[in-house]
Amino acid sequence: MIVLINPNSTAAMTEAMLSTAQAQAGAIPVQGWTSTDGPAAIQGPEDGALAVPPMLELVRKASADGAQAIIIGCFDDTGLDSAREVAQCPVIGIGQAAYHLAAIAGGRFSVVTTLAVSVPILEENIQHYGLSPYLSRVRASGVPVLDLEDDPVRASNRIVAEVQRAEAEDDVRSVVLGCGGMVHLSASAQAQTKLRVIDGVRAATAVASGFV
């Protein structure tokens with residue numbers, strides 16, 4: 001069993017990630033848990049700090065319930081190191097999984113995320129993982145996280161436009177979609193670029209499946 005934990009309290013985002021994760025995992029069961037005491041969205045370090053304590057309680061519960069792998073469904077990899085300390089199974093961050101997949105695929109990659117406040121966090125994470133040599137740029141699309149659910153057409157158009165700018169300007173082979181809420185945009189983005197489009201939920205589920 002894989003447990004996907006959404007550190008924010010937006011259940012619709014959990015369901016979107018869960019649907020994708022279960023399709024990726026095939027016969028391996030995946031559960032999606034929402035941190036109801038977390039912020040509605042994680043946009044910047046303050047939201048991340050608020051999200052960690054209730055998320056860790058869910059990590060402890062998932063581990064005690066027999067999870068064979070846990071996925072943290074926030075692209076900031078919120079509380080990932082702390083989660084690994086309290087879990088008895090592997091814990092995978094969707095950001096880390098996506099970056100490593102992009103690096104393995106070869107060449108440099110860019111990241112398209114939501115707001116500018118998230119850019120330093122993602123850059124710091126990529127440096128922490130030792131993958132800075134593969135990174136061209138972290139791009140902010142200017143789309144708030146909740147707009148991915150509340151205004152999906154406009155959000156999708158802006159994100160795809162940013163992906164296309166990355167293709168034109170960044171000299172990369174892959175682009176990483178830098179938010180768990182972008183999980184439903186992967187196919188439409190891929191149809192409009194020659195770059196390899198990498199979604200963190202699919203990447204993390206593929207890694208988690210290897211531990212089951």
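It should be emphasised that the depicted structure is a prediction, and the values quoted were computed from it without experimental measurement.
In this structure, Thr10 contributes its side chain and Ala40 its backbone to a donor-acceptor pair below 3.5 Å. Formation of a donor-acceptor pair under 3.5 Å by the Arg137 side chain with backbone atoms of Ser110 is not found in this model. Side chain of Ser9 to main chain of Asp37: no donor-acceptor pair is present (N/O by atom type, distance under 3.5 Å, no hydrogens or angles). The backbone N or O of Ile28 sits less than 3.5 Å from a side-chain atom of Gln22, completing a donor-acceptor pair. With hydrogens and angles disregarded, no donor-acceptor distance shorter than 3.5 Å links the side chain of Asp76 to the backbone of Thr78. Judged by distance alone, with hydrogens and angles left aside, the side-chain atoms of Asp77 form a donor-acceptor pair with the main-chain N or O of Gly95 at under 3.5 Å. Judged by distance alone, with hydrogens and angles left aside, the side-chain atoms of Arg84 form a donor-acceptor pair with the main-chain N or O of Val91 at under 3.5 Å. Judged by distance alone, the side chain of Gln68 and the main-chain N or O of Met1 form a donor-acceptor pair under 3.5 Å. No donor-acceptor pair under 3.5 Å is formed between the side chain of Ser63 and the backbone N or O of Ala87.
In this structure, the separation between CD on Glu167 and OG on Ser174 is 11.5 Å, given to the nearest 0.5 Å. Taking CG from Asn6 and CD from Glu15, the interatomic distance works out to 10.0 Å, rounded to the nearest 0.5 Å. Rounding to the nearest 0.5 Å gives a distance of 9.0 Å between CG of Asn157 and OG of Ser188. The distance from the OG1 atom of Thr114 to the CD atom of Glu162 is 11.5 Å, given to the nearest 0.5 Å. Here the CD1-CG distance, from Ile5 to Leu58, works out to 5.0 Å after rounding to the nearest 0.5 Å. Annotation: the span from Tyr99 atom OH to Phe109 atom CZ amounts to 7.0 Å, rounded to 0.5 Å.
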Query - Stepwise side-chain contact (heavy atoms from CB on, under 4.5 Å) check, Met182 with Ile159 - result: CA-CA 9 Å; Met182 295 180 185; Ile159 290 161; 3.8 Å; yes
Query raised in the report: Does the pair Phe75 and Val176 meet the rule for a side-chain contact (heavy atoms from CB on, under 4.5 Å), with working shown?
Result: CA-CA 10 Å; Phe75 207 82; Val176 174; 3.3 Å; yes
Report task. Could you give me the CA-CA distance, side-chain angles and deciding distance for Cys179 and Leu148, then say whether side-chain contact (heavy atoms from CB on, under 4.5 Å) is met? Result -> CA-CA 10 Å; Cys179 177; Leu148 294 164; 3.7 Å; yes
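Ala25 approaches Val30 most closely through the heavy-atom pair CB-CG2, 3.6 Å. For the pair Val172 and Ala166, the tightest heavy-atom approach, listed with the atom from each and the gap, is CG2-O, 4.0 Å. Nearest heavy-atom pair across Val59 and Ala83 is CG1-O, 3.8 Å. In this structure, Leu115 and Pro144 approach most closely via the heavy-atom pair CD2-N, 3.7 Å. In plain terms, the two heavy atoms of Thr14 and Gly32 that are nearest each other are CG2-C, 3.8 Å. Of all non-hydrogen atoms in Gly79 and Leu56, the two that sit nearest each other are O-CD2, 4.3 Å.
Placement of Val201 and Met55 within a single hydrophobic cluster is found when ILVMFWY residues are connected by side-chain heavy-atom separations under 4.5 Å, directly or transitively. Residues Tyr134 and Val119 share a single hydrophobic cluster, defined by chaining ILVMFWY side chains whose heavy atoms lie under 4.5 Å apart. Under the 4.5 Å side-chain heavy-atom criterion for ILVMFWY residues, no single connected hydrophobic cluster contains both Ile92 and Ile121. Clustering ILVMFWY residues whenever any of their side-chain heavy atoms sit less than 4.5 angstrom apart, transitively, puts Ile94 in the very cluster that holds Val3. Follow the hydrophobic side-chain contacts under 4.5 Å out from Val143 and you never reach Val111; the two are in separate clusters.
Using a 4.5 Å heavy-atom cutoff, the side chains of Ile198 and Val175 are not in contact. The shortest distance between side-chain heavy atoms of Ile70 and Ile2 does not fall below 4.5 Å. Counting only heavy atoms from C-beta outward, the side chains of His128 and Gln96 never approach each other to under 4.5 Å. Using a 4.5 Å heavy-atom threshold, the side chains of Thr20 and Asp199 count as touching. At a threshold of 4.5 Å between non-hydrogen side-chain atoms, the residues Val145 and Met13 count as touching. In this structure the side chain of Tyr129 never reaches within 4.5 angstrom of the side chain of Gln127, judged on heavy atoms. The shortest side-chain heavy-atom distance between Arg202 and Ser186 falls under the 4.5 Å cut-off. Side-chain contact between Val212 and Ser209 is absent, with no heavy-atom pair separated by less than 4.5 Å.
In this model, no donor atom of one side chain and acceptor atom of the other lie less than 3.5 Å apart for Gln164 and Thr193.
Here Arg139 pairs with Asp170 in a salt bridge; the nearest charged N to carboxylate O distance falls below 4.0 Å.
Dense packing is recorded around CD of Glu169, with more than 12 heavy atoms of other residues, nucleotides or ligands lying under 6.0 Å away.
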